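Right, one structure below, let's go through it.
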Amino acid sequence: MKSPVYFIKVQNSDSVSAVQEKLRKLIRTSRIFSQIAPRNQAVLKMHFGEQGNKGHVKPEWVKIIAEEIKKKDAVPVMADTNTLYRGRRTNSQDHLSLAAEHGFTFEKTGAEIRIPENIPENERAVAINQKFIQVAKVVPLFLDADVLVDISHFKGHLMTGFGGALKNIGMGCASRQGKLAQHCDVSPYVEEGACVGCGECVEVCPADAIKISDQKSLIDGELCIGCASCIAACPYGAIDVVWESGGTTIQEKMVEYANAVLAGRSGPSVFINFAVKITKECDCLAKDDPRISPDVGLFASPDPVSIDKACYDAVVRVCGRDIFREAHPQRDGMKQLNYAAQLGVGNLEYDLISIDG
């Protein structure tokens, strides 16, 4: 059975206000919020962007989503979890400050914001007994929400090929322990010939697992937590992982976590993807990553697999080639989609319903 995916086209030249109007039309035409009832709490799963990042979904667009939820007499709440790697999003206080700097305030969005602390009370075990994850560790806020509204920026990703709804839910709703479980087999190595000993990897490593010896970086596999911060930080491309081992399992673990989040909920979940300012890397990158594709559009669906597949197909179609495999040749993004379909998280086949913008 095919899942519906609603789509409205966006162009690079569209203003913020033009995208606002298209988003409002997408929400109303798709009736994606039809299951929201009065007094429901609708948790908006966000990614507020690392410091210096410009690719994240804009607060002006979140404002439209919050307004449409409020018309249902429901309460929108923006939320995210803290990161495994070192940065402004590693603890709740700094994360909240950074989100406010990026414009994610009640005044600008009409929604309160919550980023739970990294404490045991903010972690719940969800038994799933899958191939890699038997018990997932999830932040309860996303499980207990009356409605979960996933808001994802669709873009490339150095560990998973691309990141969309499945990654925003699977990795993004996990507690710190859950994030570690997904990364634990991904221990990077250093290409000595490319390494110049600049120390950028040492600065970002949250586990103090890297040191400089003889002007080369050395990674202690016993201390490494597999967060991949060093890969993103290295300006010389000298750090990678053995993709035949842990590098190929992270997508499957991520999907198992997405399955845990959605299966652990009693209320509905809906998904909105922004395939605009499509970048090589994710919004965790602390810089303004350039576009690798023209803007495509906005997508909405009740199915996380279908919406990610529709976005993937649309980007490949617009570019005339698979830019995600081109950007990350060792990472096959279809792996996450195929495994998610296998687990019953959603459908690979979809009906794309285009809306005139």
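Note that this is a predicted model, so its numbers are computed, not measured.
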Item to check | R24/E68 salt bridge by N-O under 4.0 Å criterion | outcome: yes

Checklist entry - For the hydrophobic clusters of this structure (ILVMFWY residues joined by side-chain heavy atoms under 4.5 Å, transitively), does one cluster hold both V315 and V5? => result yes

Next on the checklist: Can you tell whether the side chains of D295 and K277 come within less than 4.0 Å, N to carboxylate O?
Outcome noted: no

Checklist entry - Does D144 pair with R124 as a salt bridge, N-O distance under 4.0 Å? => result yes

Checklist entry - Say you draw a straight line from NZ of K25 to CD1 of I8; how long is it, rounded to the nearest 0.5 Å? => result 5.5 Å

Checklist entry - Under a 4.5 Å cut-off applied to non-hydrogen side-chain atoms, are V75 and R39 in contact? => result no

Checklist entry - If you round to the nearest 0.5 Å, how far is CG of N273 from SG of C311? => result 4.0 Å

Checklist entry - How would you list, by chain and number, every residue that makes a side chain to side chain donor-acceptor pair (under 3.5 Å) with Q20, sequence neighbours excluded? => result none

Item to check | Check: D283/H47 side-chain N/O donor and acceptor closer than 3.5 Å | outcome: no

Item to check | D288 (side chain) donor-acceptor with G52 (main chain) under 3.5 angstrom | outcome: no

Item to check | side-chain contact (heavy atoms from CB on, under 4.5 Å) partner of M171, chosen from K253, M159, H183 | outcome: H183

Checklist entry - Can you pull the side-chain hydrogen bond (donor to acceptor under 3.5 Å, both in side chains) pairs that have at least one residue in residues 312-324, sequence neighbours excluded? => result K309-D313, Y312-D322, D313-Y350, R321-E326

Checklist entry - Do K167 and D308 meet the salt-bridge criterion of a basic N to acidic O distance under 4.0 Å? => result no

Item to check | V62 and L44, any side-chain heavy atoms less than 4.5 Å apart | outcome: yes

Checklist entry - At their closest point, which heavy atom of L23 faces which heavy atom of I272, and how far apart are they? => result CD1-CG2, 4.4 Å

Checklist entry - What's in the same ILVMFWY side-chain cluster as I119, cut-off under 4.5 Å, chained through other members? => result none

Item to check | Pairs flagged by side-chain hydrogen bond (donor to acceptor under 3.5 Å, both in side chains) wherever residues 210-225 is involved - sequence neighbours left out | outcome: none

Next on the checklist: Between N118 and S175, is the side chain to side chain donor-acceptor pair (under 3.5 Å) condition met? List the steps.
Outcome noted: CA-CA 7 Å; N118 301 311; S175 68; over 6 Å; no

Item to check | Qualifying side-chain hydrogen bond (donor to acceptor under 3.5 Å, both in side chains) pairs with a residue from residues 198-209, counting only residues at least two apart or across chains | outcome: none

Checklist entry - Would you say D356 has more than 12 foreign heavy atoms packed within less than 6.0 Å of its CG? => result no

Checklist entry - Would you call K108 and E60 a salt bridge, using N to O less than 4.0 angstrom? => result no

Next on the checklist: If the threshold is 4.0 Å, N to carboxylate O, is there a salt bridge linking K287 and E281?
Outcome noted: no

Item to check | Set of ring pair (Phe, Tyr, Trp, His ring centres under 6.0 Å) partners for F142, sequence neighbours left out | outcome: none

Checklist entry - Does the pair K2 and S306 meet the rule for a side chain to side chain donor-acceptor pair (under 3.5 Å), with working shown? => result CA-CA 8 Å; K2 295 182 179 181; S306 287; over 6 Å; no

Checklist entry - For N91, which residues count as a side chain to side chain donor-acceptor pair (under 3.5 Å) partner, sequence neighbours excluded? => result D94

Item to check | Among P4, S3, S269, P268, side-chain contact (heavy atoms from CB on, under 4.5 Å) partner for P302 | outcome: P4

Checklist entry - Mind checking who shares a hydrophobic cluster with L84, ILVMFWY linked at side-chain heavy-atom distances under 4.5 Å? => result L180, I225

Item to check | Lys/Arg N to Asp/Glu carboxylate O, K58 vs D14, below 4.0 Å | outcome: no

Checklist entry - Under 3.5 Å, is there a donor-acceptor pair between the side chain of S34 and the main chain of R31? => result yes

Item to check | Partners meeting ring pair (Phe, Tyr, Trp, His ring centres under 6.0 Å) with F154 (sequence neighbours left out) | outcome: F162, F324

Item to check | Short side-chain donor-acceptor distance under 3.5 Å, D150 and S152 | outcome: yes

Next on the checklist: Tell me which pairs pass ring pair (Phe, Tyr, Trp, His ring centres under 6.0 Å) where either residue lies in residues 52-79, with sequence neighbours left out.
Outcome noted: H56-H102, H56-F104, W61-F274

Next on the checklist: Apply the hydrophobic cluster definition, ILVMFWY joined by side-chain contacts under 4.5 Å directly or through others, and give me every member besides L218.
Outcome noted: none

Checklist outcome for this item: Contacts of F271 meeting ring pair (Phe, Tyr, Trp, His ring centres under 6.0 Å) (sequence neighbours excluded), chain-then-number -> none

